[in-house]
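Numbering starts at 1 and runs along the sequence shown. Remember, it's 1-based here, ligands and their atoms both numbered in the order they're listed.
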Amino acid sequence: MINKAKKSLSQAIEERRATPSFDGAPIPSEDLRQILEAGLHAPSGYNMQPWRFVVVQSTEQKRRLRAASYNQGKVEEASAVVVACGDADGWRKDLDLMLELGRKGGMPESYAAQARSSVPNYLSSFSSGQMQAWLNKQVMLALTHMMLMAEVMGYDTAPMEGFEQDKVHEVFRLPLSYWVVALLAIGHAKGTDKFYGGRFEMSHTVFGEEYGKPLKL
Ligand SMILES: Cc1cc2nc3c(=O)[nH]c(=O)nc-3n(C[C@H](O)[C@H](O)[C@H](O)COP(=O)(O)O)c2cc1C
């Protein structure tokens, strides 16, 4: 990976805001590649990598995506919008590929044999709701890697769940097995940053050892 860091990870985490408006300047291909690669490095259940991304940069497709996203202006203003999807059938197609890759990296045969039976056992029993929940977990991790890499590189980002599943499917001619999880707009902010909404105290959301007990640090 090329290193184009402009901020430390802690700085990026602290300074990141969901950007309300972008200036629309195009993003260099090598930067976009670095951001996307960060996403592809994310962990996933059984390393099945069920994520699929459509990267939208053309004026025409951004305009159509905006219409499928409750008319959110930032979709059209961003330099690129990553449409993050999960493929419910990905594991059926990619199990052999995952095992082949793993063997190259030193995956023990015993692990491969176990994965060959447990992946289908686990995933084929899912209802469509369970599959969507499983895909949401995997895909959001990859998208979060992309978001933080973009921020470290000095870009601004906006994650979005405000879109209509069927309409996004139609715009990008997505296969039926795809589930659209979220959008990530990337670019440079226009105007001032959004207010900081604040975060709950750690004592409100983090427990130690069991529910309700304060974590002692
Ligand atoms: C999964 C997800 C979906 C979101 N969807 C939208 C959206 O559709 N439109 C929007 O304006 N903001 C959206 N947001 C931004 C949140 O409102 C924002 O992250 C939150 O208010 C905290 O603000 P901050 O990110 O600037 O700290 C989304 C954030 C996340 C994580």
Side-chain angles (χ1 to χ4, degrees), residues 6-24 35-36 38-45 49-57 61-88 129-172 174 178-206:
K6 291 206 172 133
K7 290 181 183 179
S8 68
L9 181 58
S10 345
Q11 200 183 355
I13 288 173
E14 197 168 315
E15 293 175 3
R16 185 209 55 78
R17 293 278 70 81
T19 303
S21 184
F22 292 90
D23 71 6
I35 293 165
L36 295 168
L40 306 186
H41 271 83
S44 58
Q49 306 164 58
W51 42 66
R52 304 290 184 263
F53 302 100
V54 180
V55 180
V56 189
Q57 296 180 88
Q61 284 297 74
K62 281 194 282 190
R63 190 183 57 74
R64 298 181 73 212
L65 178 58
R66 175 180 181 166
S69 309
Y70 301 106
N71 198 31
Q72 297 198 63
K74 56 191 150 194
V75 170
E76 212 172 343
E77 293 170 357
S79 312
V81 184
V82 179
V83 181
C85 310
D87 184 357
Q130 285 172 318
M131 179 52 77
Q132 284 165 9
W134 186 75
L135 291 172
N136 286 342
K137 282 190 273 193
Q138 322 296 333
V139 176
M140 280 314 289
L141 258 173
L143 202 64
T144 304
H145 272 213
M146 289 182 195
M147 181 174 78
L148 292 178
M149 178 59 89
E151 294 280 338
V152 161
M153 291 169 70
Y155 287 96
D156 299 297
T157 59
M160 280 169 272
E161 59 187 343
F163 58 84
E164 291 174 87
Q165 188 75 221
D166 293 352
K167 290 189 181 170
V168 175
H169 257 260
E170 207 179 300
V171 170
F172 299 107
L174 299 175
Y178 276 36
W179 168 247
V180 187
V181 174
L183 313 178
L184 182 68
I186 305 169
H188 288 294
K190 186 175 70 185
T192 48
D193 233 342
K194 211 190 73 190
F195 61 91
Y196 173 54
R199 293 298 185 267
F200 301 133
E201 287 293 325
M202 196 181 276
S203 59
H204 191 76
T205 49
V206 179

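- Looking only at distances, no side-chain donor or acceptor of Lys62 sits under 3.5 Å from a matching main-chain atom of Val81.
- Between the side chain of His169 and the main chain of Val180, no donor-acceptor pair closer than 3.5 Å is present.
- Residues satisfying the ring pair (Phe, Tyr, Trp, His ring centres under 6.0 Å) test with Phe200, not counting sequence neighbours, are His204.
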Starting from the N and O atoms of ligand 1, find every protein N or O within less than 3.5 Å and list the pair with its distance.
residue: ligand 1; atom: 5 (N); partner: Glu161; partner atom: N; Å: 2.8
residue: ligand 1; atom: 8 (O); partner: Gln72; partner atom: NE2; Å: 3.1
residue: ligand 1; atom: 8 (O); partner: Glu161; partner atom: N; Å: 3.2
residue: ligand 1; atom: 8 (O); partner: Gly162; partner atom: N; Å: 2.9
residue: ligand 1; atom: 9 (N); partner: Gln72; partner atom: OE1; Å: 2.9
residue: ligand 1; atom: 11 (O); partner: Lys74; partner atom: NZ; Å: 2.7
residue: ligand 1; atom: 14 (N); partner: Pro159; partner atom: O; Å: 3.3
residue: ligand 1; atom: 23 (O); partner: Lys194; partner atom: NZ; Å: 3.0
residue: ligand 1; atom: 25 (O); partner: Arg16; partner atom: NH1; Å: 2.8
residue: ligand 1; atom: 25 (O); partner: Arg16; partner atom: NH2; Å: 3.0
residue: ligand 1; atom: 25 (O); partner: Ala18; partner atom: N; Å: 3.3
residue: ligand 1; atom: 26 (O); partner: Arg17; partner atom: NE; Å: 3.1
residue: ligand 1; atom: 26 (O); partner: Ala18; partner atom: N; Å: 2.8
residue: ligand 1; atom: 26 (O); partner: Lys194; partner atom: NZ; Å: 3.1
residue: ligand 1; atom: 27 (O); partner: Arg16; partner atom: NH2; Å: 3.4
residue: ligand 1; atom: 27 (O); partner: Arg17; partner atom: NE; Å: 3.2
residue: ligand 1; atom: 27 (O); partner: Arg17; partner atom: NH2; Å: 2.8
residue: ligand 1; atom: 27 (O); partner: Arg199; partner atom: NH2; Å: 2.8

Taking distance alone, no hydrogens or angles, what donor-acceptor pairs closer than 3.5 Å link side-chain atoms of residues 129-144 to residues at least two apart or in another chain?
residue: Gln130; atom: OE1; partner: Ser127; partner atom: N; Å: 2.9
residue: Gln130; atom: OE1; partner: Ser127; partner atom: OG; Å: 3.4
residue: Asn136; atom: OD1; partner: Trp179; partner atom: NE1; Å: 3.0
residue: Asn136; atom: ND2; partner: Gln132; partner atom: O; Å: 3.4
residue: Gln138; atom: OE1; partner: Gly45; partner atom: N; Å: 2.8
residue: Gln138; atom: NE2; partner: Trp134; partner atom: O; Å: 3.4
residue: Thr144; atom: OG1; partner: Met140; partner atom: O; Å: 2.6

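- Annotation: the span from Ser8 atom OG to Glu14 atom CD amounts to 9.0 Å, rounded to 0.5 Å.
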Side-chain donor-acceptor pairs of residues 155-163 under 3.5 Å, sequence neighbours excluded:
residue: Tyr155; atom: OH; partner: Asp31; partner atom: OD2; Å: 2.5
residue: Asp156; atom: OD2; partner: Ala189; partner atom: N; Å: 2.7
residue: Thr157; atom: OG1; partner: Glu151; partner atom: OE2; Å: 2.7

